[in-house]
Amino acid sequence: MVPRAFYRRDPRLVAPELLHKVLVAGDRSGRIVEVEAYCGDIDPAAHTYRRRSPRNEVMFGPPGLLYVYFTYGMHWCANAVCGDADEGVAVLIRALAPLDGVEAMRAARPGARVDRDLCRGPARLCQALGITGGHNGADLVTGDRGVTVVDDGVPAPDDPVVTTRVGVSRGAGQRWRWYVRHNRFVSRP
DNA sequence: TCTGCGATAATA
DNA sequence: ATTATCGCAGAC
């Protein structure tokens with residue numbers, strides 16, 4: 001389990017340290033290999049850039065919560081809330097290397113022809129792990145709803161690849177995406 | 001491997 | 001109108 005103090009920092013510090021930790025949802029899990037930081041009122045791409053709303057409420061909450069949002073009319077994406085309450089900063093989990101519960105992931109994603117596509121992308125990994133809007137606001141530290149982040153001793157890479165974020169128009173140019181070098185489960189190398 | 005496009009609905 | 005995406009089709 002990862003302590004709350006881990007999340008209570010700038011998401012640009014938390015993000016690269018989240019690499020190689022394990023995201024667990026029920027009996028399914030995967031190693032985090034790609035993340036992006038979203039930085040609140042200094043970040044036009046963040047959902048919290050302007051004002052508090054029913055949708056982004058959780059992202060303004062205390063660090064260590066899971067912020068799950070719905071996008072493009074059909075996809076769920078998951079973030080770990082960071083910083084202090086009311087800051088509105090978080091880290092988007094973009095890709096996992098599947099570990100446990102691979103059979104359940106295949107069942108949850110019948111469209112994935114190969115295991116490489118099970119958790120390769122923020123919406124794909126939520127589908128694979130069964131994470132939906134019902135998990136919005138879950139506490140990753142206490143694991144109150146079965147979703148947690150575990151440090152199993154594998155250290156974060158000391159040479160992650162740093163790039164611009166995927167799919168953002170406003171706020172593009174900021175190099176706030178990190179991924180594990182040479183990892184085949186990364187969404188877009 | 002890459003590029004482009006449609007799906008589909010909440011948010012602003 | 002835009003969107004922190006995905007899966008499919010077609011070109012190469």
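Keep in mind that this is a model prediction, so the values were computed, not measured.
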>> Taking any atom closer than 4.0 angstrom to a non-hydrogen atom of chain A, what span of DNA chain C does the protein reach, first nucleotide to last?
In response: C/dT3 to C/dG7
> Is the cationic atom of A/R165 (NZ for Lys, CZ for Arg) positioned less than 6.0 Å from the six-membered ring centroid of A/Y38 and within 45 degrees of its normal?
Replying inline: yes
> Going from NZ on A/K21 to OG on A/S29, what distance comes out if it is rounded to the nearest 0.5 angstrom?
Replying inline: 15.0 Å
>> Angle between ring planes, A/H47 versus A/Y67, binned at 30° and 60°: parallel, tilted or perpendicular?
In response: perpendicular
Sub-3.5 Å pairs of nitrogen or oxygen atoms, protein against nucleotides 7-12 of chain B:
residue	atom	partner	partner atom	Å
B/dT8	O2	A/Y72	O	2.3
B/dA9	N3	A/G73	N	3.4

>> Suppose the criterion is salt bridge (Lys or Arg N to Asp or Glu O under 4.0 Å): which pairs have a residue in residues 127-149 of chain A, not counting sequence neighbours?
In response: A/R4-A/D139
> salt bridge (charged side-chain N to carboxylate O under 4.0 Å, His left out) with A/R8: which residues, sequence neighbours excluded?
Replying inline: A/D84
> More 5' along DNA chain C: A/N79 or A/R113, using each one's nearest nucleotide?
Replying inline: A/N79
> Between A/S187 and A/R94, which heavy-atom pair has the shortest distance, and what is it?
Replying inline: OG-NH2, 3.2 Å
> With a 4.0 Å cut-off on heavy atoms, is A/A45 in touch with a base, just the backbone sugar-phosphate, or nothing at all?
Replying inline: base
>> To check you understand the geometry: which heavy-atom pair defines the closest contact between A/Y69 and A/R55, and what is its length?
In response: CD1-NH2, 4.0 Å
> Nearest 0.5 Å, what's the CZ-CG distance between A/R109 and A/D115?
Replying inline: 10.5 Å
> With sugar-phosphate meaning primed atoms plus P, OP1 and OP2, does A/G121 contact a base, only sugar-phosphate, or nothing at under 4.0 Å between heavy atoms?
Replying inline: sugar-phosphate
> What stems, by residue range, does DNA chain C take part in, given at least 3 consecutive Watson-Crick or G-U pairs under 3.5 Å?
Replying inline: B:1-7 with C:5-11, B:9-11 with C:1-3
> About how many Å separate CZ of A/R120 and CG of A/L96, when rounded to the nearest 0.5 Å?
Replying inline: 13.0 Å
> Got a sec, which residues hit salt bridge (charged side-chain N to carboxylate O under 4.0 Å, His left out) with A/D158, two or more places apart in sequence or on another chain?
Replying inline: none
> If you look at every strand shown and take non-hydrogen atoms under 4.0 Å, does A/R109 touch a base, only sugar-phosphate, or nothing?
Replying inline: sugar-phosphate
